[in-house]
Amino acid sequence: MAETDSKLTRFAGRIVMVGFGSIGQGVLPLLLRHLDIEPGQISIVTAEEAGRAEAEAYGIKFTVMPLRKGNYLSVLDPLLGDGDFLVNLSVDVSSLALVEFCRSKGALYLDTCIEPWSGQYTDTSQSPSQRSNYALREKAMALRAKYDGGPTAVLTHGANPGLVSHFVKRALLDIARDTGVETATPKTREEWARLSSRLGIKSIHIAERDTQVSPIPKAIGEFVNTWSVDGFVGEGCQPAELGWGTHEKHFPVDGHTHASGTGCAIYLARPGASTRVRSWTPNEGPFHGWLITHGESISLADYLTVKEGGQAKYRPTVHYAYHPCHVAVLSLHELAGKNWKIQKSRRLMMEEISDGMDELGVLLMGHAKGAYWYGSQLTIEEARHCAPHNNATSLQVTVAVLAGVVWAIENPGRWITEPEEMNFERILEIARPYLGNMIGAYSDWTPLLDRGLLFEEDLDEEDPWQFKNFRVV
């Protein structure tokens with residue numbers, strides 16, 4: 001068990017967990033460990049039977065009732081009131097519908113991504129822009145502006161999006177210290193953006209390498225993953241998205257801007273699960289990862305934008321670079337070959353995992369020391385020692401959910417809040433005991449390393465941190 005602060009966070013209300021897959025099952029024992037709360041104060045509403053035994057072992061009420069547009073109000077209304085908390089860990093349930101409902105009830109809210117109703121990720125009647133995380137975030141910001149405050153609703157606070165935004169702030173301060181840039185800890189969005197600009201940060205990758213393995217091979221017609229299969233396929237089939245930096249000189253031939261909103265991000269006319277980029281982590285070294293759309297690609301790019309006269313004068317390029325476990329790679333390859341029709345059989349690797357780690361961090365590039373990775377190297381052995389019902393990947397998510405819940409209880413009147421707007425030091429204080437080896441590592445790696453040896457390549461050798469140099473074509 002992780003060594004944690006013995007002081008419990010008092011919570012007198014009820015907690016309703018919507019969805020109880022791998023993340024819900026993993027976060028439940030953490031909530032019971034860190035909150036001064038009784039099992040009778042918690043209830044679960046989920047779409048399937050999976051997890052019933054785990055919930056009942058803790059004495060938690062478990063209800064199978066898939067939430068839909070037509071029933072979510074009647075199902076949730078008797079379960080939530082003023083001062084209660086809805087923790088949304090579901091798929092195919094509209095986050096914004098739940099946020100607005102919670103506001104009407106005076107209840108707190110948290111999710112790990114902004115989910116639409118079922119089918120909207122792949123609804124071809126909508127344009128790729130309308131199916132994007134950019135569009136979902138714009139709707140959330142419109143909802144925030146619609147009301148004059150409300151109970152805290154923390155959006156997109158899992159590992160990524162979520163925890164990685166706090167990693168970025170810690171990394172910026174580390175780089176400032178190590179490059180002789182004097183700064184106090186920024187207090188505002190503008191101060192963080194100007195620090196990033198002063199340091200010369202051009203590109204930020206959420207660079208993740210999952211090496212967890214199982215003795216059970218992947219079968220043909222099976223999708224295997226270390227976290228939600230439906231969640232991964234859903235985001236993988238969305239357009240590849242990235243926050244678009246002001247240093248970029250080469251707009252992608254398949255790139256598109258959005259017609260409205262902040263303009264901080266672009267999308268590619270292809271799924272993220274078919275788009276690869278070069279990146280680096282300390283344990284793996286250089287690797288090819290997938291540019292899967294994530295909320296932090298947009299919110300971090302927006303948060304770190306410096307504007308003058310209403311125009312963006314500085315913004316880093318921000319995106320995810322994800323190399324999942326080996327069997328998930330095979331699963332993605334098969335999924336793409338079937339034109340994005342998900343396999344009939346799905347398996348979540350948990351107790352069967354025999355070895356490996358999830359190396360999750362942020363890679364900040366372009367500063368005086370080149371590249372700096374800061375993050376978590378969490379092995380399966382450490383994850384099992386820290387908390388039940390978790391693997392290395394899920395624990396990085398579940399502890400971020402825990403930290404977000406505690407922060408929301410401590411800050412109950414903040415209305416819609418993104419990870420970048422939270423106290424990063426408080427979040428990391430709660431999460432750090434569960435994250436294994438937390439390291440910061442500098443590297444002289446660039447995406448130009450060993451390029452053009454076998455064949456000529458179209459590269460920008462004057463600026464290694466151009467997106468065209470990262471992209472695998």
Side-chain angles (χ1 to χ4, degrees), residues 159-160 163-164 167-168 170-171 174-175 178-179 201-214 225-226 242 272-273 275-292 294 296-297 316-330 332-333 353-383 391-393 396 435-455 457 459-461 463-473:
N160 51 320
L163 189 62
V164 293
F167 287 176
V168 166
R170 180 70 268 163
D174 288 354
I175 295 167
D178 297 339
T179 58
I201 307 300
K202 291 186 174 181
S203 295
I204 300 176
H205 288 183
I206 289 73
E208 180 178 5
R209 178 66 168 101
D210 184 351
T211 62
Q212 293 171 100
V213 295
S214 162
N225 198 21
T226 54
L242 58 158
T275 308
R276 292 188 300 161
V277 289
R278 296 169 176 85
S279 196
W280 182 92
T281 63
N283 187 64
E284 177 70 17
F287 68 92
H288 286 182
W290 276 265
L291 199 164
I292 303 294
H294 261 194
E296 77 274 8
S297 300
T317 293
V318 185
H319 62 78
Y320 193 17
Y322 180 36
H323 191 309
C325 66
H326 295 333
V327 287
V329 172
L330 292 175
L332 280 179
H333 182 68
I353 296 173
S354 57
D355 195 14
M357 73 160 64
D358 202 315
E359 190 177 27
L360 170 65
V362 293
L363 184 67
L364 281 67
M365 295 161 281
H367 49 82
K369 292 176 72 69
Y372 180 67
W373 188 93
Y374 178 83
S376 162
Q377 295 175 325
L378 180 62
T379 67
I380 182 61
E381 293 82 9
E382 291 169 312
N391 59 34
T393 307
Q396 290 166 333
L435 294 175
N437 187 30
M438 290 292 296
I439 71 164
Y442 288 99
S443 173
D444 60 1
W445 175 83
T446 83
L448 298 180
L449 181 66
D450 296 330
R451 299 285 294 279
L453 297 179
L454 294 178
F455 301 94
E457 295 188 64
L459 303 172
D460 186 329
E461 298 190 19
D463 182 4
W465 312 119
Q466 292 288 308
F467 177 67
K468 72 173 293 183
N469 292 336
F470 288 109
R471 190 169 181 184
V472 179
V473 295

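Because only heavy atoms are used, hydrogens play no part in the values below, and waters and symmetry mates are left out as well, while side chains stay in. For the single chain, residues carry numbers from 1 onward in sequence order. None of the values given here were measured: they were computed from a predicted structure.
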Asker: Return the minimal non-hydrogen interatomic distance between Ala371 and Leu363, and the atom names on each side.
Answerer: CB-CD1, 4.1 Å
Asker: Between the side chain of Gln396 and the main-chain N/O of Asp358, is any donor-acceptor distance below 3.5 Å?
Answerer: yes
Asker: Kindly indicate whether the side chain of Ser443, heavy atoms from C-beta on, has any atom under 4.5 Å from the side chain of Trp373.
Answerer: no
Asker: Quick check: do Tyr442 and Ile175 have side-chain heavy atoms less than 4.5 Å from each other?
Answerer: yes
Asker: Run the side chain to side chain contact (heavy atoms under 4.5 Å, CB included) check on Arg278 and Val472 step by step: do they pass?
Answerer: CA-CA 7 Å; Arg278 296 169 176 85; Val472 179; 3.8 Å; yes
Asker: Within this structure, what is the OG1-CG distance for the pair Thr275 and Leu242, rounded to the nearest 0.5 Å?
Answerer: 9.5 Å
Asker: Return the minimal non-hydrogen interatomic distance between Pro316 and Ile201, and the atom names on each side.
Answerer: CB-O, 4.0 Å
Asker: Can you see which heavy atom on Ser203 is nearest to which on Phe470, and at what distance?
Answerer: OG-CE1, 3.8 Å
Asker: Atom NZ of Lys369 and atom OG1 of Thr179: how far apart are they, to the nearest 0.5 Å?
Answerer: 8.0 Å
Asker: Can you name the closest pair of heavy atoms from Asn469 and Asp463 and give their distance?
Answerer: ND2-O, 3.0 Å
Asker: Keeping Trp290 on the side-chain end and Ala273 on the backbone end, is there a donor-acceptor pair under 3.5 Å?
Answerer: yes
Asker: Does Asn283 offer a backbone N or O that forms a donor-acceptor pair with the side chain of Glu359 under 3.5 Å?
Answerer: yes
Asker: Which atom pair, heavy atoms only, marks the closest approach of Ala383 to Leu378?
Answerer: N-CD1, 4.0 Å
Asker: Indicate whether the side chain of Asp210 and that of Thr226 have a donor and an acceptor atom separated by less than 3.5 Å.
Answerer: yes
Asker: Within the 3.5 Å criterion, strictly below it, is a donor on Asn160 or Tyr320 matched to an acceptor on the partner's side chain?
Answerer: yes
Asker: Could you grab the distance from atom CD1 of Ile292 to atom CD of Glu208, nearest 0.5 Å is fine?
Answerer: 11.0 Å
Asker: Can you tell if the side chain of Val213 reaches within under 4.5 Å of the side chain of Ser354, non-hydrogen atoms only?
Answerer: yes
Asker: If I compare all heavy atoms of Thr379 with all of Met357, which pair ends up nearest, and what's the gap?
Answerer: CA-CB, 3.8 Å
Asker: When rounded to the nearest 0.5 angstrom, what distance separates NE2 in His323 from CZ in Arg276?
Answerer: 9.0 Å
Asker: Could you tell me whether the side chain of Ile206 reaches within less than 4.5 Å of the side chain of Val318, counting heavy atoms only?
Answerer: yes
Asker: Taking side chain as C-beta onward, heavy atoms only, is Phe167 less than 4.5 Å from Met438?
Answerer: yes
Asker: Can you tell me how far apart CG (Leu291) and CZ (Arg471) are? Round to the nearest 0.5 Å.
Answerer: 8.0 Å
Asker: Using a 4.5 Å cut-off on heavy atoms from C-beta on, say whether the side chain of Trp280 contacts that of Pro447.
Answerer: no
Asker: Is a donor on one side and an acceptor on the other found under 3.5 Å between the side chain of Thr211 and the backbone of Gly356?
Answerer: no
Asker: Would you give the length of the straight line joining atom NE2 of His205 to atom CG of Leu364, rounded to the nearest 0.5 angstrom?
Answerer: 10.5 Å
Asker: May I ask you to decide if Arg451's main-chain N or O and Glu457's side chain share a donor-acceptor pair within less than 3.5 Å?
Answerer: no
Asker: So, do Leu435 and Glu382 sit near enough that their side-chain heavy atoms are less than 4.5 Å apart?
Answerer: no
